[in-house]
Novice: 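Dropping a structure here in structure tokens format, bear with me for questions.
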Amino acid sequence: MSRIFPPHSWPSGYHEALRIQEDLVQRLRFEPLTGPVETIGGVDISYSKKSRRMYAAVLVFDYARMQVIDEGTWIQDETFPYIPGMLTFREGPAATRAMEKISIRPDVMLFDGHGIAHPRFCGTASHLGLIWGIPSIGVAKKKLVGEYTEPDPEAGSATELIYKDRVVGRVLRTRTNVKPVFVSQGNRIDLDSAVRVVLACCSRHRLPEPTRRAHLRVNELRRKAEG
DNA sequence: GCGACAG
DNA sequence: ATCTTGTCGC
């Protein structure tokens with residue numbers, strides 16, 4: 001039994017959130033990214049514990065030039081606490097409102113967090129990519145679940161992230177001699193395609209440009225609103 | 001009970 | 001995310 005959860009209705013309790021993840025995970029699909037990628041989106045959320053406010057930004061880039069061509073932002077109060085494995089219910093509401101403000105739908109989207117490298121194989125990148133209807137990739141700075149061996153120090157080196165006998169992602173060295181990032185399938189993309197896209201966005205920094213720039217943008221929003 | 005634990 | 005000083009290296 002599966003259904004499509006309304007994008008603008010979010011759960012307030014843990015158990016309802018759990019049921020939603022178990023429902024949505026059945027709808028995830030992982031296939032090679034077909035067709036040319038001309039635009040790519042980056043999403044990030046920032047929140048201040050003090051004001052309990054959230055700042056969201058969705059940036060759309062021209063993939064070839066890696067320049068911003070569209071932007072959507074949103075500010076609101078917190079509606080859900082931070083619980084490992086439930087990040088999408090904390091960030092989803094504000095991220096979705098920011099998403100509604102862009103006019104160019106990106107061909108693929110990068111998230112600051114995991115895709116299927118998640119306790120129930122339904123992290124933020126998978127969840128939001130699914131309800132937004134856009135191929136998505138998870139790029140996290142730290143592990144949530146799984147086991148792996150350290151990749152070689154050269155840019156491009158990678159090892160598998162294994163969880164419950166499944167390959168749920170890749171530990172990828174995006175730049176030489178920097179800490180690796182955790183790349184995982186969000187939805188409508190396979191792991192090889194995901195890694196290829198992430199590497200293409202990391203010519204100058206450890207994190208891919210779309211999420212890196214979205215992060216700078218939300219911090220700018222917060223500074224402007226709070227100080 | 002103990003350790004792990006995206007942002 | 002937030003708390004926090006200095007510091008090593010491209």
Novice: Of the nucleotides C:dA1, C:dT2, B:dC5, which one has an atom closest to the side chain of A:K49?
Specialist: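 Per side-chain heavy atoms of A:K49, the pick is C:dT2.
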Novice: Could you state the atom-to-atom distance from NZ of A:K164 to C1' of B:dA4 in whole Å?
Specialist: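 So the two atoms are 14 Å apart, to the nearest Å.
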Novice: Roughly how many Å is it from NZ in A:K179 to C1' in C:dC8, rounded to a whole number?
Specialist: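 Atom-to-atom, A:K179 to C:dC8, this comes out as 16 Å.
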Novice: For A:F182 and B:dG7, what is the distance between atoms CZ and C1' respectively, to the nearest whole Å?
Specialist: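 The distance from CZ of A:F182 to C1' of B:dG7 comes to 14 Å, rounded to the nearest Å.
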Novice: To the nearest angstrom, how far is A:H118 atom NE2 from B:dC5 atom P?
Specialist: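 The distance from NE2 of A:H118 to P of B:dC5 comes to 14 Å, rounded to the nearest Å.
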Novice: Is A:E220 paired with A:R217 through a side-chain N to carboxylate O contact shorter than 4.0 Å?
Specialist: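 Yes, charged N to carboxylate O under 4.0 Å.
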Novice: Under 3.5 Å for both pairing distances: what stems, at least three Watson-Crick or G-U pairs long, include DNA chain C?
Specialist: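 Stems for DNA chain C, defined as runs of 3 or more consecutive pairs: none.
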Novice: Taking atom P in both C:dT4 and B:dG3, compute the distance separating them and give it to the nearest angstrom.
Specialist: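 Roughly 25 Å separates the two P atoms.
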Novice: Any side-chain N or O of A:K143 below 4.0 angstrom from OP1/OP2 of B:dC5?
Specialist: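 Checking B:dC5 against A:K143, a side-chain N or O does come within under 4.0 Å of OP1 or OP2.
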Novice: Would you call the rings of A:F111 and A:W132 parallel, tilted or perpendicular, where under 30° means parallel and over 60° means perpendicular?
Specialist: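 The rings of A:F111 and A:W132 sit tilted, inter-plane angle from 30° to 60°.
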Novice: For A:E160 and A:Y148: C-alpha separation, side-chain torsions, deciding distance, then whether side chain to side chain contact (heavy atoms under 4.5 Å, CB included) applies.
Specialist: CA-CA 6 Å; A:E160 293 182 326; A:Y148 66 95; over 6 Å; no
Novice: Quick one: is A:Y82 getting a side-chain N or O under 4.0 Å of the B:dA6 phosphate, OP1 or OP2?
Specialist: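 For A:Y82, the contact criterion (side-chain N or O under 4.0 Å from OP1 or OP2 of B:dA6) is met.
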Novice: Reckon A:K50 has a side-chain N or O less than 4.0 Å from the OP1 or OP2 of C:dT2?
Specialist: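 The answer is no; no side-chain N or O of A:K50 sits under 4.0 Å from OP1 or OP2.
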Novice: Ignoring the backbone of A:L144, work out which of B:dA6, C:dT2, B:dG7 is nearest its side chain.
Specialist: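 My answer, after comparing the listed nucleotides, is B:dA6.
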Novice: Would you indicate what A:G138 reaches in the nucleic acid, counting non-hydrogen atoms under 4.0 angstrom: base, sugar-phosphate, or nothing?
Specialist: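 Result for A:G138 = nothing.
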Novice: Pick from A:H215, A:R212, A:K141: which one makes a side chain to side chain donor-acceptor pair (under 3.5 Å) with A:D112?
Specialist: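 One option only clears the test, and that one is A:K141.
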Novice: Just call it for A:T124: base, sugar-phosphate, or nothing, with non-hydrogen atoms closer than 4.0 Å on any strand.
Specialist: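 Contact class for A:T124: base.
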Novice: Are any of the side-chain nitrogens in A:R173 or A:E150 under 4.0 Å away from the carboxylate oxygens of its partner?
Specialist: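 Looking at A:R173 and A:E150, the cut-off is met.
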Novice: I need the residues from residues 198-226 of chain A with at least one non-hydrogen atom less than 4.0 Å from DNA chain C; give them sorted by number, or say none.
Specialist: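 Output list: A:H215, A:R222.
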Novice: Give a yes or no on whether the backbone of A:S126 and the side-chain of A:N187 come within a donor-acceptor separation of less than 3.5 Å.
Specialist: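 The answer is no, because no donor-acceptor pair under 3.5 Å joins these two groups.
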Novice: Look at the side chain of A:D62 and the backbone N and O of A:A64, then say whether any donor-acceptor pair between them is shorter than 3.5 Å.
Specialist: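 Side chain of A:D62 to backbone of A:A64: a pair is present.
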Novice: When the C1' atoms of B:dC5 and C:dT2 are compared, how many Å lie between them, rounded to an integer?
Specialist: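 C:dT2 and B:dC5 have their C1' atoms separated by 16 Å.
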Novice: Using a strict threshold of under 4.0 Å (side-chain N to carboxylate O), is an ion pair present between A:D44 and A:R213?
Specialist: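 Salt bridge flag = no for A:D44 with A:R213.
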Novice: Salt-bridge test for A:E22 and A:R120: reply yes if a basic N is under 4.0 Å from a carboxylate O, no otherwise.
Specialist: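 No, no charged N to carboxylate O under 4.0 Å.
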Novice: Under 4.0 Å, heavy atoms only, any strand: does A:M86 hit a base, just the sugar-phosphate, or nothing?
Specialist: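 Base: the residue A:M86, judged by heavy atoms under 4.0 Å, touches a nucleobase.
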Novice: Round to a whole Å and report the spacing from OH of A:Y163 to C1' of B:dA4.
Specialist: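 The distance from OH of A:Y163 to C1' of B:dA4 comes to 11 Å, rounded to the nearest Å.
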Novice: Measure CG/A:L87 against C1'/C:dA1 and give the value in whole Å, please.
Specialist: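 My rounded result for the distance is 10 Å.
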Novice: Measure from the ring center of A:Y163 to the ring center of A:F121 and say whether it is less than 6.0 Å.
Specialist: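 For A:Y163 and A:F121, the ring centres are under 6.0 Å apart.
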